[in-house]
Number of protein chains: 4
Amino acid sequence: MNPGPRISKDPEVRKEELIDAAEALFEEKGYDDTAVSDIVRKVGVAQGTFYLYFRSKEEVLEAFADRLVNEFTVKMREIEDDPGRNAMEKFVLITRASLSLTVGREKMTDLIHEERNAILHYKLEKRMLPSLINTFTRVIEQGNREGLFDVPYPREAAIAVLGISQQFGEGTSDHTMKSIVMESLERILDIIERVLGAKKGTFLDHYKELGR
Amino acid sequence: MNPGPRISKDPEVRKEELIDAAEALFEEKGYDDTAVSDIVRKVGVAQGTFYLYFRSKEEVLEAFADRLVNEFTVKMREIEDDPGRNAMEKFVLITRASLSLTVGREKMTDLIHEERNAILHYKLEKRMLPSLINTFTRVIEQGNREGLFDVPYPREAAIAVLGISQQFGEGTSDHTMKSIVMESLERILDIIERVLGAKKGTFLDHYKELGR
Amino acid sequence: MNPGPRISKDPEVRKEELIDAAEALFEEKGYDDTAVSDIVRKVGVAQGTFYLYFRSKEEVLEAFADRLVNEFTVKMREIEDDPGRNAMEKFVLITRASLSLTVGREKMTDLIHEERNAILHYKLEKRMLPSLINTFTRVIEQGNREGLFDVPYPREAAIAVLGISQQFGEGTSDHTMKSIVMESLERILDIIERVLGAKKGTFLDHYKELGR
Amino acid sequence: MNPGPRISKDPEVRKEELIDAAEALFEEKGYDDTAVSDIVRKVGVAQGTFYLYFRSKEEVLEAFADRLVNEFTVKMREIEDDPGRNAMEKFVLITRASLSLTVGREKMTDLIHEERNAILHYKLEKRMLPSLINTFTRVIEQGNREGLFDVPYPREAAIAVLGISQQFGEGTSDHTMKSIVMESLERILDIIERVLGAKKGTFLDHYKELGR
DNA sequence: CATGAATGAGGGTTCATTCAT
DNA sequence: TATGAATGAACCCTCATTCAT
């Protein structure tokens with residue numbers, strides 16, 4: 001009956017809060033199992049308020065995905081534009097970042113790989129891929145110039161490399177398989193060297209060097 | 001409207017009918033938007049009958065996926081075991097079959113790639129991948145023996161090639177892009193030749209030869 | 001048919017309305033045969049509104065039972081605390097009130113005794129008994145002090161008397177038997193007098209006096 | 001498709017098997033939660049077979065209740081007709097038997113008292129009560145003749161005593177309370193002695209004497 | 001007597017979205 | 001901008017019972 005205290009906030013802030021809550025809940029229970037009522041409860045706001053900021057439930061998902069993609073794109077750009085690294089180093093860094101996809105959000109990888117979050121996976125992939133491909137392409141071109149790679153079609157090679165890392169990364173959702181992947185890292189890198197026309201063994205050196 | 005005579009059938013047959021109907025509806029409207037009531041109406045059977053054969057709605061999806069995977073696996077095996085073809089030919093055939101994933105079910109590709117069917121995609125991929133990897137691996141080994149390929153780690157190469165074709169295939173869901181892909185086929189094959197250590201241009205020849 | 005204007009009400013009021021409707025329908029058709037859709041239709045409210053106030057159908061039953069028990073408990077307390085009556089008078093009043101259990105809800109007795117409402121019966125009995133026993137116990141103690149009763153173990157006597165009236169009351173569900181019970185009232189009271197150590201015939205006098 | 005081996009049995013035997021299975025399941029899960037399919041599965045018989053013996057699910061409940069009542073009635077009759085015992089002894093034996101109501105079926109008491117089995121409770125009570133009252137009445141009359149009791153209205157006294165023991169027994173469903181009840185046994189018996197006009201303490205002696 | 005596939009009404013519940021305040 | 005009560009469509013599933021064989 002009594003409206004309760006009406007707290008107005010900067011719309012941007014409110015919206016961000018809602019996306020934050022949504023993200024946390026999506027991680028916890030998945031998109032489908034997260035109710036709008038869950039989100040507003042977490043923020044401490046009325047049901048209707050949600051619809052002042054998003055036209056539908058799907059729109060938060062969209063907004064969340066956008067945010068994630070933006071962060072990711074920035075990260076990519078930073079690596080790409082780093083003048084102090086050669087193409088091979090950049091390549092390793094990008095691969096690593098894109099494999100985790102998380103940018104500090106460690107749970108995200110699991111989130112993405114859980115079956116019930118397939119849609120989210122799709123949304124993210126569709127949005128991230130273009131910038132990822134672009135970045136990869138440019139790094140490959142840099143590598144060509146540096147004489148490290150020998151790639152006639154950089155764009156296609158970029159796509160191929162992405163496909164390869166994704167395919168190997170897929171199995172990685174199971175934590176148990178991580179060590180196995182590590183074991184076969186050498187073999188995978190051998191393949192990538194072939195694709196990029198790099199000298200055998202050079203990638204592995206860089207991987208080791210860049211630690212972790 | 002009125003009951004009509006009660007028609008009993010061999011359970012196997014009934015079950016197949018239900019999966020058939022489910023498949024058609026999943027194609028048409030997606031899994032989530034297909035109601036159990038839709039399925040039974042299509043078969044002309046009572047609602048309860050459905051639950052005689054499946055414990056839940058998800059179980060038909062499972063059954064459908066299994067069926068698809070089985071058919072696919074058989075197809076793979078046939079190609080793999082064909083004594084009249086060399087590794088390169090088999091490779092082309094497998095790629096093509098796995099790209100369409102459909103085995104004659106033309107709409108299936110779309111079905112799988114529509115966002116709302118992401119879960120189905122996941123389910124299928126998870127199930128198909130192992131047999132696909134195995135087949136690819138053995139064909140690569142055959143290629144090694146035939147002197148067509150030069151692959152030190154056949155299994156990893158198989159996975160990589162799968163990743164590559166998947167990545168390129170992904171864009172293919174939009175019909176508009178098909179021609180673009182065709183254009184870049186040559187480039188893609190170049191990459192695959194590198195991965196498999198095949199002579200440049202040999203794949204393209206086989207692709208052309210095996211028509212389309 | 002068409003929506004009509006949306007009418008918001010004080011939640012307390014809405015909830016009460018729903019319980020009222022539920023009660024009426026439980027009386028009419030029993031708990032099992034009352035659908036949630038019946039209840040909301042009666043109130044003129046949407047199906048979902050019901051679940052704004054009760055988590056499940058059973059919860060209305062619970063709420064209804066609670067309400068009944070509360071009313072009943074208040075009634076008991078009033079009689080118990082009435083300073084103007086002696087123990088015997090109170091005893092008669094309590095017996096009567098507890099026999100009808102209805103507090104003005106005449107159909108309730110039938111409701112409770114119909115076989116299909118056995119669960120309701122159980123729920124009510126379990127909840128009412130404690131306060132009923134307490135009240136009876138205290139009245140018996142008062143009677144002891146007043147020299148009307150001679151009861152060594154008031155609590156046990158209270159329980160016993162309850163058992164007795166319940167057993168006789170049980171048959172009362174059939175209206176046809178009511179006269180028979182009346183006939184044997186004298187005999188029943190004789191027994192109760194024995195239990196309470198009251199003088200023979202005193203109860204009957206009070207029953208007549210307090211009319212009916 | 002193939003009918004499976006068709007095992008014919010003496011109808012009486014089959015029916016008994018079905019009631020047995022029903023009883024076990026009712027004990028385990030309650031009447032409502034026991035499906036006809038559960039029963040037939042337990043017996044290893046087809047769904048339709050059930051309906052050759054019972055017109056409905058409720059009819060097994062009925063049949064089961066009847067069987068229980070019959071056994072109980074026989075037990076009562078035996079005690080009642082025992083020429084070697086006086087009324088007080090018989091009284092104790094009957095009370096004990098009726099309290100357990102189980103006739104060797106130990107779980108039955110719990111079964112009856114669980115809320116979800118309220119209906120069964122009702123059915124049994126309704127059926128058992130008459131014979132129980134009759135037996136009690138005749139024993140009381142015997143007691144009158146033997147000079148042990150002094151009861152002007154045996155039938156009413158029988159009903160009263162039943163009510164008393166039922167009320168006390170009700171709490172007994174919780175195993176935890178059993179000891180408490182034992183403690184207050186003396187007090188309860190004091191009340192019963194009053195109702196039956198027996199000499200104070202005589203019941204307790206018989207209870208002790210008849211062991212347990 | 002027996003089978004077991006088929007029936008189909010029925011009901012509780014969820015939740016994204018709206019709207020009167 | 002905010003509230004939160006109200007909406008209502010939609011859906012999955014159970015299970016007692018029937019009936020063609």
Side-chain angles (χ1 to χ4, degrees), chain A residues 1-11 14 32-40 45-59, chain B residues 3-11 13-14 32-38 40 44-58, chain C residues 3-11 13-14 32-40 44-58, chain D residues 1-11 14 32-40 45-58:
Chain A
M1 272 284 107
N2 35 357
R6 187 145 116 183
I7 299 163
S8 286
K9 289 200 182 178
D10 180 339
R14 211 6 83 80
D32 273 327
D33 287 356
T34 296
V36 172
S37 63
D38 293 332
I39 299 173
V40 296
V45 103
Q47 192 93 348
T49 303
F50 179 91
Y51 288 88
L52 293 175
Y53 295 95
F54 306 99
R55 246 196 306 282
S56 71
K57 184 185 165 189
E58 184 156 8
E59 227 180 78
Chain B
R6 192 183 288 201
I7 297 161
S8 278
K9 293 200 179 174
D10 183 328
V13 174
R14 249 307 121 78
D32 273 327
D33 288 356
T34 297
V36 173
S37 62
D38 293 332
V40 297
V45 105
Q47 187 97 351
T49 302
F50 179 91
Y51 289 90
L52 234 48
Y53 296 95
F54 308 99
R55 254 194 301 282
S56 68
K57 182 185 163 188
E58 183 156 8
Chain C
R6 192 185 288 202
I7 297 161
S8 277
K9 293 199 182 177
D10 182 331
V13 173
R14 247 308 120 78
D32 273 327
D33 288 354
T34 297
V36 171
S37 61
D38 294 332
I39 299 174
V40 298
V45 104
Q47 189 97 348
T49 302
F50 179 90
Y51 289 89
L52 233 48
Y53 296 95
F54 307 100
R55 253 192 302 282
S56 69
K57 184 185 164 190
E58 182 155 10
Chain D
M1 271 287 105
N2 35 358
R6 187 145 117 184
I7 300 162
S8 287
K9 288 202 181 178
D10 180 338
R14 213 3 85 82
D32 272 328
D33 288 356
T34 297
V36 172
S37 63
D38 293 331
I39 299 173
V40 296
V45 103
Q47 191 93 347
T49 304
F50 180 90
Y51 288 87
L52 294 174
Y53 296 94
F54 306 99
R55 245 195 307 281
S56 70
K57 183 186 166 188
E58 182 154 9

Considering residues at least two apart in sequence or located in another chain, which fulfil the side-chain contact (heavy atoms from CB on, under 4.5 Å) criterion with B/Ala35?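 Residues passing side-chain contact (heavy atoms from CB on, under 4.5 Å) with B/Ala35: B/Ser37, B/Asp38.
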Just jot down the side-chain contact (heavy atoms from CB on, under 4.5 Å) partners of D/Tyr51, sequence neighbours excluded, or say none.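 Counting only residues at least two positions away or on another chain, D/Tyr51 forms a side-chain contact (heavy atoms from CB on, under 4.5 Å) with D/Val36.
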Heavy-atom contacts, protein to nucleotides 16-21 of chain F, under 4.0 Å, summarised as B (base), S (sugar-phosphate only) or - (none) per nt, yield SBBSS-
Taking C-beta and beyond as the side chain, do C/Val45 and C/Phe50 meet within less than 4.5 Å on heavy atoms?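 No, too far: nothing below the 4.5 Å cut-off.
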So do the side chains of D/Ile39 and D/Thr34 get within less than 4.5 Å of each other, counting heavy atoms only?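 D/Ile39 reaches D/Thr34 side chain to side chain.
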Of all the choices, F/dT7, E/dT7, E/dT3, which nucleotide is nearest to the side chain of B/Thr49 once you look at every atom?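 Side chain of B/Thr49 sits closest to E/dT7.
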Whole-Å distance between E/dA16 P and A/Glu59 CD?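 Rounded to whole Å, this separation is 14 Å.
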Output yes when at least one side-chain N/O atom of C/Tyr53 is less than 4.0 Å from OP1 or OP2 of F/dA5, else no.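 No, C/Tyr53 has no side-chain N/O under 4.0 Å of OP1/OP2 on F/dA5.
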Measure the OG1-CZ distance between B/Thr49 and B/Arg6 for me, rounded to the nearest 0.5 Å.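 Answer for the OG1-CZ pair, B/Thr49 versus B/Arg6, is 8.5 Å.
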Looking at every strand, decide which applies to B/Phe54 at a 4.0 Å heavy-atom threshold: base, sugar-phosphate, or nothing.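 Here B/Phe54 touches no strand at all.
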What closest approach, in Å, do B/Gln47 and B/Val40 show between heavy atoms, and which atom pair accounts for it?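 In terms of heavy atoms, the two residues are closest at OE1-CG2, 3.6 Å.
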Test ring-ring contact (aromatic ring centres under 6.0 Å, His included) applied to A/Tyr53 - qualifying residues, sequence neighbours left out: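 Per chain and number, A/Tyr53 pairs via ring-ring contact (aromatic ring centres under 6.0 Å, His included) with no residue.
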P gap between F/dT21 and E/dC1, integer Å: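 Result for the P pair: 23 Å, nearest Å.
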Between B/Leu52 and C/Ala46, who's closer to the 5' end of DNA chain F by nearest nucleotide?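 First, find each residue's nearest nucleotide; the 5'-ward one identifies C/Ala46.
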Through what angle, rounded to 10 degrees, does the axis of the helix from E/dA2-F/dT21 to E/dT21-F/dA2 turn between its ends, using five pairs per end?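 Taking five pairs per end, the axes differ by 20°.
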